[in-house]
There are 2 protein chains.
Amino acid sequence: MSRVENGSAARLFAALGDTTRLGLIERLSQRGERSIVQLGDGLPISRQAVAKHLDVLLGAGLVRRTKSGREVLFALQPEVFAEASDWLSKVGSQWEGTLGRFRDFVENQP
Amino acid sequence: MSRVENGSAARLFAALGDTTRLGLIERLSQRGERSIVQLGDGLPISRQAVAKHLDVLLGAGLVRRTKSGREVLFALQPEVFAEASDWLSKVGSQWEGTLGRFRDFVENQP
DNA sequence: CTGATTAGCAACCGGAAGGTTGCATGAAAT
DNA sequence: ATTTCATGCAACCTTCCGGTTGCTAATCAG
């Protein structure tokens, strides 16, 4: 995500910003590739709602979609998680570094 | 974030899921502690809008708030970024592990 | 003191998000 | 051939979100 503009980063984080979707990701992470009904099993929402959530995850690039017969299978796309993770640690540490403190000092001088 | 429930994780990512807020974070990361007007300078939105965004970031624990005279200063809270980063890399790699195990299983079938 | 600057509070608005229901379609099973 | 199962499509509803405006309170500079 280093050279990715803010727009797609925001879409990615927004996709992660929902408890239901985090739950789906957890399931995918533990159980692997699954169909829509399988992913929605036990959840208190309709199948359509699950499908919409998966669509959001797909739009953010967090999952991959495959058709298999009459089913549609979803699986995690781990590289994207790694990129997002990198971006976060970079922003965090950049501000912690000496350079950050130096800039802060200089620019606050009268 | 290891033992943090989905709710606060979702709030955190949701806070990151907006281009304006990502921009504010970038500013804070590069220029350090700043007031509301300073952070909103040059942005095409009202001061109130900026204040609301900062409130969201505060609610997610991504920034810290300090009063100084008539100003209110905001600064990044880097530890939270590190936690979020860890969570992401963990979910990503866990699924890669699952994928590896699945591949083994498949390849060992007669 | 006066005026300018920084911020908070509250009401309001339009659009997007999360959810539902109903109906249609295509593949699997019997 | 019929039935069942997994999805897709579309309309609709309600709540939340990003944004605005107007007004008030506090603090700093002259």
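Naming convention: chains lettered A, B, ... in sequence-line order (proteins, then strands); numbering from 1 in each chain. As the structure is a computational prediction, the values presented were derived from the model and not from experiment.
Residue whose closest nucleotide on DNA chain C sits further toward the 5' end, between B/Lys52 and B/Ser35: B/Ser35.
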- [ ] Encode nucleotides 22-30 of chain C as B, S and - characters from 5' to 3', where the letter depends on protein heavy atoms closer than 4.0 Å: B to the base, S only to sugar-phosphate, - to neither.
- [x] B----BS--

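Side chain of A/Ser68 to backbone of A/Glu71: no donor-acceptor contact under 3.5 angstrom is found.
Distance check: A/Asp86 CG to B/Ser89 OG gives 8.5 Å after rounding to the nearest 0.5 Å. Here the CD atom belonging to B/Gln77 is positioned 11.5 Å from the CG atom belonging to B/Leu28, to the nearest 0.5 angstrom. Here the NZ atom belonging to A/Lys67 is positioned 14.5 Å from the OG atom belonging to A/Ser35, to the nearest 0.5 angstrom. Interatomic distance, CG of B/Leu88 versus CZ of A/Phe13, reported as 6.5 Å (0.5 Å rounding). In this structure, the separation between CG on B/Leu57 and CZ on B/Arg65 is 13.0 Å, given to the nearest 0.5 Å. For the atom pair OG (A/Ser85) and NZ (B/Lys90), the distance works out to 11.5 Å, reported to the nearest 0.5 Å.
First and last contacts of DNA chain D with chain A, using any nucleotide atom under 4.0 Å from a protein heavy atom and ordered 5' to 3', fall at D/dT4 to D/dC9.
With rounding to whole Å, B/Arg65 atom CZ is found 12 Å from C/dT6 atom C1'. In this entry the distance linking CD of B/Glu71 with C1' of C/dA4 reads 14 Å, nearest Å. Nucleotide C/dT6 holds its P atom 10 Å from the CG atom of B/Asp41, rounded to whole Å. Computed from coordinates, the A/His53 NE2 to C/dA16 P distance equals 18 Å when rounded to whole Å.
Contact check for B/Leu16 versus B/Leu62: side-chain heavy atoms found under the 4.5 Å cut-off.
Test A/Leu58, A/Leu73, A/Val80 against A/Val63 for side chain to side chain contact (heavy atoms under 4.5 Å, CB included) and you get one pass: A/Leu58.
Under the 6.0 Å cut-off for aromatic ring centres, A/Trp87 and B/Phe81 do not qualify, their centroids lying 6.0 Å or more apart.
Contacts between residues 15-27 of chain B and DNA chain C, defined by a heavy-atom separation under 4.0 Å, are absent.
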Just distance, no hydrogens or angles: give the donor-acceptor pairs under 3.5 Å from side chains in residues 20-27 of chain B, sequence neighbours left out.
from: B/Arg21; atom 1: NE; to: B/Ala15; atom 2: O; distance (Å): 2.7
from: B/Arg21; atom 1: NH1; to: B/His53; atom 2: ND1; distance (Å): 3.1
from: B/Arg21; atom 1: NH2; to: B/Ala14; atom 2: O; distance (Å): 3.3
from: B/Arg27; atom 1: NH1; to: B/Leu39; atom 2: O; distance (Å): 3.0
from: B/Arg27; atom 1: NH1; to: B/Asp41; atom 2: O; distance (Å): 2.8
from: B/Arg27; atom 1: NH2; to: B/Asp41; atom 2: O; distance (Å): 3.0

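When the C1' atoms of four end pairs are superposed on the next four at each end of the helix from C/dC1-D/dG30 to C/dT30-D/dA1, using five pairs per end, the two resulting axes differ in direction by 30°, to 10°.
For B/Arg64, the salt bridge (Lys or Arg N to Asp or Glu O under 4.0 Å) partners are B/Glu33, not counting sequence neighbours.
At a threshold of 4.5 Å between side-chain heavy atoms, the hydrophobic network of Ile, Leu, Val, Met, Phe, Trp and Tyr places B/Leu54 and B/Val56 in two separate groups.
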